Each structure stands twice: as C-alpha cells, then as structure tokens.
Amino acid sequence: MVPISYYLVLSAVLFGLGVVAFVIKRNIITIFMAIELMLNAVNLAFVAFARAWNQLDGLVFVFFVIVVAAAEAAVGLAIVITIMQNRDTLNVERVNSLKF
Amino acid sequence: MSLPLIVFFICALIAVVGAILLIVSREPIHSALSLILVMMALAVLYLLLGAEFIAAVQIIVYAGAIMVLFVFVIMVLNAGEEERTNWSRIAKFAGLPLGFFLLMWMAHWMADAAIGRTVANSGGGTTVAFSTVELSKLLFTKYLFPFEATSILILIAILGALVLAKREN
C-alpha cells in the first residue's frame, strides 16, 4: 500500500533538488536539465493527484507539460548553440550583457 | 512490506540518487545520463500509479526525444567540465540553504495534506490502470482547444529553433 503522500513527498524532494541544481549550476545546458527535472517532479505530483481523485484530467495536463517541455528544449538548445557561436562559452556568468 | 511499496522505494531511491548525481557531476554528459536515470525511475512510478500511457510517453518523448536532443547538443558543442568561478562558490552557499528550506517546506506541506492519506495501491495489489481510451476521449473533446493550440506551439518552436540555429552569412 503506497499512500499518495509518499509520491507527493518524492515529488517535492525532486523539485527541491531541481531548484538547488538550477541555482548552483553554472553550465547553461545543466541549468536546462535542472528545469526538466523540476517539470518531471511536477508531472509526478499531477499523476499522483489524478490517482487520488481517479480523474483523468491530471494525465491530460501531464501530456501538455511534456509537449511544452519538448518545445522549450528545442528553442532553448537552439539559443544555447547561438550563445556558444557568439560567445564561445557555456558559462552563464560570461553571458552577462544585460546584467547591471 | 507489500510489493508496490518495495517497488516505490527502490524507484524513489533511484530517482533521488539520479537527481543528486545531476548536481554533483561536473561533466554535462554525466548530468544528462543521470537525468535519464531519474526519468526511467519516474516512468516505473507512473506504471505503479496505473498511468500506462504517461509512462510510455515519458520514456518515448522525455528519455527518448528530449534527452537525445540534450546529449546531441552536448556532443556538438563539445561541452567539457564546468569551470569554477567566485560566483559559483557564493551560489553554493546561497542555493543549498534555499533549496533545503524549499524542499522541507514543500515536503512538510505535502505530507500533511489530507489527500495524501488516499492509498494508491490498496490491498497490496496493483491499481486498476487509467484507461487510455478514456484519456484520448477527454483529450479530443474537453481539451480539444488546448490540444490544437499545442500543435501551433510546436510549429512556432520548430520555426524558432530553425531561425535561432541558422548561421548568419
């Protein structure tokens, strides 16, 4: 017997680790991966809630989250390639033209 | 301990270890591979929750398409080891307590929620799977407009990626 709260706590832990990775990582590709990790954690919470209420709507939302993540990854990685071509670095601290 | 609980704990352990490996590894390719590990573990958890379609989509789209794109870009850009700067050391001191606080707050809130006491895999057996037929019916009736909107979103994403990645002469 697995209570829903176990899934929710796992989802929270994964989201927290995603936030930590997002903050402490310096490589722009790894930061993207941290965002994907957070999206995955949210998906787990969606599926767990769908199971808790026996409603399929949560699964539809997971489907949409995956689609948006795919679109985001395509555009984001194109931006990464452009940054690499223009700046010759993947470190976010060297991409600071907009920084005050 | 029933079988679903054992499967849950094994997969949860794999997912958390994968997420920690993502943080501690210095090479982006190692981070990508550990993220694939997390996604595989989550796919098993989706199966445990009875969401077969989502588990399949998780493996095909996430672990298959998106992560292959990541690994491909890492390979193309020849991304090596992350460099250390002063800011990254400060970020570690700011980021770890912040993330820890966020994690504890969310875990506490979610463990206390009333809905959390609902049991997913009752009686030690597997749950009745969500019907993929019902899911697709819902997708093409109630959520038809968002579904069509995502096709436009994907189209714009393709155009955006093409425009951004195009070399200027």
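A, B, ... follow the sequence lines: proteins, then strands. Residue 1 opens every chain. What you are looking at is a predicted structure, and each value in this text was computed from that prediction instead of being measured. Below, all heavy atoms of this structure are taken into account, side chains as well, without hydrogens, waters or symmetry copies.
- Closest approach of A:Met84 and B:Leu77 over heavy atoms only: CG-CD2, 3.4 Å.
- Nearest heavy-atom pair across B:Ala15 and A:Leu14 is O-CD2, 3.8 Å.
- Neither B:Val68 nor A:Met33 shares a network with the other; the hydrophobic side chains, linked directly or stepwise wherever heavy atoms of I, L, V, M, F, W or Y lie under 4.5 Å apart, form separate groups for each.
- At a 4.5 Å heavy-atom cutoff, A:Glu72 makes no contact with chain B through either its backbone or its side chain.
- Of the atoms belonging to A:Phe22, not a single heavy atom falls under 4.5 Å from chain B.
- Of the two parts of B:Ala32, the backbone and the side chain both hold a non-hydrogen atom closer than 4.5 Å to a non-hydrogen atom of chain A.
- Side-chain contact check for B:Tyr143 versus A:Phe63: every heavy-atom pair is 4.5 Å or farther apart.
- B:Tyr62 touches chain A through its side chain: at least one heavy atom from C-beta onward sits under 4.5 Å away, while N, CA, C and O do not.
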Candidate pair B:Leu5 and A:Tyr6, rule side chain to side chain contact (heavy atoms under 4.5 Å, CB included), full reasoning:
CA-CA 10 Å; B:Leu5 203 61; A:Tyr6 285 21; 3.8 Å; yes
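- B:Leu48 is listed as a side-chain neighbour of A:Tyr7, based on a closest heavy-atom distance under 4.5 Å.
- Per-residue heavy-atom pair counts under 4.5 Å with chain A were compared for B:Leu159, B:Leu139, B:Ile156, B:Val61, and the maximum is reached by B:Leu139.
- The two residues B:Ile66 and A:Ile66 have their closest heavy-atom pair at CD1-O, 4.4 Å.
- Here B:Ala12 is the residue among B:Gly160, B:Ala65, B:Ala12 with the most heavy-atom pairs under 4.5 Å with chain A.
- Put simply, the side chain of B:Leu42 does not reach to within 4.5 Å of the side chain of A:Asn43, judged on heavy atoms.
- Proximity to chain A is limited to the side chain of B:Phe8, based on heavy atoms less than 4.5 angstrom apart.
- Contact annotation for B:Phe101: neither backbone nor side-chain heavy atoms come within less than 4.5 Å of a heavy atom of chain A.
- Between the CZ atom of A:Phe64 and the CG atom of B:Leu153 there is a distance of 10.5 Å, given to the nearest 0.5 Å.
- Note: A:Leu77 leads A:Val75, A:Ile81, A:Leu77, A:Val9 in heavy-atom pairs under 4.5 Å with chain B.
- Using a 4.5 Å cut-off on side-chain heavy atoms (C-beta onward), A:Asn40 and B:Gln58 make contact.
- Residue contact with chain B, scored on non-hydrogen atoms closer than 4.5 Å, involves the backbone and the side chain of A:Val68 alike.
- The contact between B:Ile74 and chain A is made by backbone and side chain atoms together, counting heavy-atom distances below 4.5 Å.
- Of the atoms belonging to B:Val16, heavy atoms from both backbone and side chain fall under 4.5 Å from chain A.
- Contact count versus chain A (heavy atoms, under 4.5 Å) is highest, among B:Leu22, B:Val57, B:Ile158, B:Leu162, for B:Leu22.
- Annotation: the span from A:Glu36 atom CD to B:Ile36 atom CD1 amounts to 11.5 Å, rounded to 0.5 Å.
- The nearest pair of heavy atoms linking A:Leu17 to B:Ala19 is CD1-CB, 3.5 Å.
- Using a 4.5 Å cut-off between heavy atoms, A:Phe61 contacts chain B through its side chain alone, with no backbone atom that close.
- Residues B:Leu155 and B:Val163 are members of separate hydrophobic clusters, defined by side-chain heavy-atom contacts under 4.5 angstrom among Ile, Leu, Val, Met, Phe, Trp and Tyr.
- Residues forming a side-chain contact (heavy atoms from CB on, under 4.5 Å) with B:Val76 (at least two apart in sequence, or on another chain): B:Phe72.
- Annotation: maximal heavy-atom pairing with chain B below 4.5 Å, among A:Val13, A:Leu59, A:Leu10, occurs at A:Leu59.
- Scanning both residues, A:Asp57 and B:Lys142, for their nearest heavy atoms gives OD2-NZ, 2.7 Å.
- Put simply, of A:Val80, A:Val62, A:Leu44, the one with the most heavy-atom pairs under 4.5 Å next to chain B is A:Leu44.
- Counting all heavy atoms, side chain and backbone alike, A:Ala71 lies closest to B:Ala157 at CB-CB, 3.7 Å.
- No part of B:Ser136 comes within reach of chain A, as not one of its non-hydrogen atoms sits under 4.5 angstrom from that chain.
- A distance of 10.0 Å separates OG in B:Ser31 from CD1 in A:Ile29, rounded to the nearest 0.5 Å.
- Ranking A:Val20, A:Ile79, A:Leu39, A:Val47 against chain B, the residue ahead of the rest is A:Val47, based on heavy-atom pairs under 4.5 Å.
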